[in-house]
Amino acid sequence: MKSFKIYDTYTKNVTPFSPLNHPFVGIYICGPTVYGHPHLGHARGPVVFDVLHRYLKHLGYKVRFVRNVTDVGHLVNDADEGEDKIARKARVEQVEPMELAQFYTDSYHHMLDALNVLPASIEPRASGHIIEQIEMIQTIIDNGFAYESNGSVYFDVPGYSKTHDYGKLSGRVVEELIAGAGNEARELEGQDEKRNPADFALWKKAGPEHIMQWNSPWSRGFPGWHIECSAMSRKYLGETFDIHGGGMDLLFPHHESEIAQSMACSSHQPARYWMHHNMITVNGQKMAKSLNNGISIDEFFTGKHPLLEKAYSPMTLKFFILQAHYRGTLDFSNSALQASEKGFNRLITASQTLSNIKPSQDGKISIDSLRQACYDALNEDMNTPILIANLFEMVTLINQIASGQTAISEAALEELKSVYNTFVFDVLGLAFEEKSGHNDRIDGLMQLLIDMRNEAKAQKNYALSDSIRQKLAELGFEIKDGKEGTTYSIL
RNA sequence: GGUCGAAUGGCCGAGUGGCUAGGCAAAGCUCUGCAAAAGCUUCUACAGCGGUUCGAAUCCGCUUUCGACCUCCA
């Protein structure tokens with residue numbers, strides 16, 4: 001059996017995964033900045049890393065999964081100048097900053113619940129770790145890698161890069177960053193506080209317009225962009241932990257700076273593996289606020305957006321995401337979503353079919369190779385599309401058995417049930433969707449109608465039987481006549 | 001402008017040198033009172049031009065088109 005391998009962005013190789021302290025695995029994922037409702041693109045990271053979380057658990061690891069909530073520190077403008085994003089929005093909406101952060105954190109959690117994402121072991125907030133951030137900044141200053149300037153503290157990139165490789169993760173050339181390459185066309189405010197344009201803020205002195213501010217040795221202010229993740233991952237996972245994940249757009253400067261901060265603080269690489277998922281695009285372009293092409297999660301689930309032909313369910317979205325490899329871009333389109341919707345239904349219906357299958361003495365089917373193919377797919381850098389392809393092979397097998405075209409032994413059937421349900425529900429984290437609500441009373445009611453229709457059929461009263469079928473279809477119930485009897489599903 | 005990446009059948013999307021996924025859509029057949037569901041079958045693609053090789057979607061070069069990052073971003 002192949003071992004679990006993941007693509008490490010830092011070394012740019014697919015490398016075998018082995019945890020620092022077997023069987024424990026520490027994972028840190030950069031969570032959302034809670035200044036707005038989540039959009040479609042925000043769903044990808046949680047879904048991708050949920051599979052990682054679930055698969056590692058399935059493999060027997062004890063996982064501590066940390067996902068932060070950024071409720072301070074991200075600025076509206078570049079160059080470390082400008083208002084805190086959250087504070088700005090709070091002023092606009094006339095509410096407490098923390099009220100706003102809570103509101104959008106809840107919104108984010110609603111999305112996670114809908115997508116059946118496992119809860120994080122720890123979900124730290126940046127605003128709750130100001131002390132840790134200040135301590136870390138002080139250590140970096142003491143170590144000579146940061147300097148104070150007018151109440152703010154900046155990381156000394158040129159100084160750091162004399163002895164360290166700033167830019168390795170994101171493929172930047174540090175000399176060009178130091179020279180300010182790419183900044184020529186931009187008007188950057190407050191660069192005079194910095195010794196070098198490549199330097200980034202660890203602490204910012206707050207002006208009176210900043211609602212969120214804290215005391216520090218340097219000024220009353222707020223922490224910089226990147227220090228929160230370094231401080232919180234360090235606190236909960238240690239100076240070095242196993243996997244750090246996030247979107248590819250965080251590669252630079254966020255993750256690059258995290259590495260620098262950790263190295264400057266403790267001479268340790270923060271993460272042993274860096275995993276980055278790609279973006280969801282709309283018409284080939286990244287979904288982003290600035291492009292005004294964002295579809296909020298709520299709009300997606302209700303279908304209320306000009307780009308949407310209809311509403312799509314959370315599981316359709318999850319399945320859509322999992323049908324592509326996490327490192328490739330994934331382009332949104334209605335036809336692709338509708339294909340995913342049908343594919344997901346096929347997969348989930350097969351699970352129900354499977355539970356009704358009867359084993360046979362002369363069954364010759366073996367699913368050993370299919371099971372192995374499932375593990376191989378995930379072991380090879382979490383290739384969920386190949387895993388799903390293998391699951392569909394099982395679906396065909398399940399349907400063949402159910403229609404009597406082939407037979408399966410009791411032992412093989414148990415194995416098939418175990419493998420299929422494990423991967424569909426436990427590892428991929430897909431779930432039945434209670435559209436109108438399957439329950440005992442509906443089931444009983446439906447059985448009554450099915451019996452009545454079958455009686456009509458037996459009496460060749462097709463007008464009545466077709467009428468029952470038609471009326472049920474109009475109500476969203478699909479009647480399926482199989483060899484083993486009649487079943488129904490809710491559309 | 002710099003750095004990096006992508007181009008696969010009607011659509012989505014795997015696949016890194018020979019065995020050429022999977023889903024959706026389409027067509028035919030089986031089953032069915034008729035349907036639906038399900039099964040079987042068919043549709044065999046790799047942007048273009050060169051090169052390497054016995055053999056290339058896969059490696060190399062060039063061209064074209066597109067994208068990401070370089071600024072908050074999942």
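For the numbers below, each heavy atom of this structure counts, side chains included, while hydrogens, waters and symmetry mates do not. In what follows, every chain begins at residue 1, and chains take the letters A, B, ... in the order their sequences are listed.
No N or O donor and acceptor, one from the side chain of A/R469 and one from the base of B/rA36, sit under 3.5 Å apart.
B/rG10: Watson-Crick or G-U partner is B/rC24, with both key distances under 3.5 Å. Across every strand in view, B/rC34 sits unpaired, with no contact that passes the Watson-Crick or G-U test at under 3.5 angstrom. With a cut-off of 3.5 Å on both Watson-Crick or G-U wobble distances, the partner of B/rC43 is given as none. Of the nucleotides present, B/rC60 is the one that pairs with B/rG50 by Watson-Crick or G-U wobble criteria, both distances under 3.5 Å. Figure legend. B/rG67 is base-paired to B/rC4; pairs are counted as Watson-Crick or G-U wobble with both atom distances under 3.5 Å. Summarising the base pairing, B/rG55 is matched to no nucleotide, lacking a Watson-Crick or G-U wobble pair whose two defining distances lie under 3.5 Å.
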If a protein heavy atom is under 4.0 Å from the base, mark B; if only from the sugar-phosphate, S; if neither, -; do that for nucleotides 19-24 of chain B going 5' to 3'. --BSBS
Less than 3.5 Å apart, which donor and acceptor atoms pair up between the side chains of residues 393-400 of chain A and the rest of the protein, not counting sequence neighbours?
{"from": "A/T396", "atom 1": "OG1", "to": "A/F392", "atom 2": "O", "distance (Å)": "3.3"}
{"from": "A/N399", "atom 1": "ND2", "to": "A/V395", "atom 2": "O", "distance (Å)": "3.4"}

For A/S333 and A/D331, what are the C-alpha separation, side-chain angles and deciding distance, and is it a side chain to side chain donor-acceptor pair (under 3.5 Å)? CA-CA 6 Å; A/S333 74; A/D331 199 45; 6.0 Å; no
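Here A/Y10 and A/H276 keep their ring centres 6.0 angstrom or further from each other. A distance of 6.0 Å or more separates the ring centres of A/Y326 and A/F49. Here A/Y273 and A/H244 keep their ring centres 6.0 angstrom or further from each other. Aromatic ring centroids of A/F4 and A/Y55 lie under 6.0 Å apart.
Nucleotides B/rG17 and B/rC46 have their C1' atoms positioned 15 Å apart, rounded to a whole Å. Taking atom P on both B/rG48 and B/rA7, the two are 13 Å apart, rounded to the nearest angstrom. Here the separation of B/rA25 from B/rC19, taken at their C1' atoms, is 28 Å to the nearest Å. Nucleotides B/rU63 and B/rC24 are separated by 34 Å at their C1' atoms, to the nearest Å. Across the P atoms, B/rC66 and B/rA26 are found 32 Å apart, a figure rounded to whole Å. Nucleotides B/rU3 and B/rC62 place their P atoms 13 Å apart, quoted to the nearest Å. Spacing of P atoms, B/rG1 relative to B/rG18, comes out at 38 Å, to the nearest Å. Annotation: B/rA27 and B/rA21 have their C1' atoms spaced 22 Å apart (nearest Å).
In this structure, A/N383 does not reach the B/rA14 phosphate: none of its side-chain N or O atoms is under 4.0 Å from OP1 or OP2. Residue A/T33 places at least one side-chain N or O under 4.0 Å from the OP1 or OP2 atom of B/rA74.
Contacts of A/D481 with the nucleic acid, taken as non-hydrogen atoms under 4.0 Å apart, include base atoms. Heavy atoms of A/I280 sit under 4.0 angstrom from at least one base atom. Using a 4.0 Å heavy-atom criterion, one finds that A/L251 contacts no nucleic acid atom at all. Here A/G41 lies in heavy-atom contact (under 4.0 Å) with a base. Nucleic acid contact class of A/K460 (heavy atoms, under 4.0 Å, all strands): none. No engagement by A/L347 is indicated, since no non-hydrogen atom pair under 4.0 Å with the nucleic acid exists.
The interatomic distance linking A/L330 (CG) with B/rG67 (P) rounds to 17 Å, in whole Å. One atom, CD1 of A/I321, and another, P of B/rA74, lie 14 Å apart when rounded to the nearest Å. Note: NE2 (A/H325) to P (B/rG5) measures 15 Å, nearest angstrom. Atom pair A/Y326:OH and B/rG15:P shows a separation of 11 Å (rounding to whole Å applied). Distance A/L169 CG to B/rC4 C1': 13 Å, rounded to the nearest Å. The distance between atom CG of A/L337 and atom C1' of B/rG13, rounded to the nearest whole Å, is 14 Å. Rounded to a whole Å, the CD atom of A/E176 is 13 Å from the C1' atom of B/rC69. Following rounding to the nearest Å, A/Y7 (OH) and B/rA14 (C1') show an atom-to-atom distance of 18 Å.
Along RNA chain B, the nucleotide nearest to A/G482 and the one nearest to A/S333 differ in position, and the one closer to the 5' end is contacted by A/S333.
Taking only side-chain atoms of A/K457, from C-beta outward, the nucleotide of B/rG33, B/rA14, B/rG13 with the closest atom is B/rG33. The side chain of A/K480 lies closest to B/rA37 when the candidates are B/rA38, B/rA37, B/rC69. Distance from the side chain of A/E478 is smallest for B/rA36 among the nucleotides B/rA36, B/rC70, B/rG67. Comparing B/rA74, B/rA38, B/rA37 against the side chain of A/S403 picks out B/rA38 as the nearest. The side chain of A/K286 sits closest to B/rA68 out of B/rA68, B/rC70, B/rA35. Closest approach to the A/R453 side chain among B/rG33, B/rA14, B/rU71 is made by B/rG33 (side chain taken as heavy atoms from C-beta onward). Here the nucleotide nearest the side chain of A/R172, chosen from B/rC40, B/rA68, B/rC70, is B/rC70.
More than 12 heavy atoms of other residues, nucleotides or ligands shown are found within 6.0 angstrom of NE2 on A/H109. Counting heavy atoms of neighbouring residues, nucleotides and ligands inside a 6.0 Å radius, atom NZ of A/K310 exceeds 12 of them.
For the pair A/D71/A/T105, no side-chain contact is recorded, criterion being any heavy-atom separation below 4.5 Å from C-beta on.
Every residue meeting the side chain to side chain contact (heavy atoms under 4.5 Å, CB included) condition with A/K471, not counting sequence neighbours, appears here in chain and number order: A/S467.
The pair A/R453-A/D481 meets the salt-bridge criterion, with a side-chain N (NZ, NE, NH1 or NH2) lying under 4.0 Å from an Asp/Glu carboxylate O.
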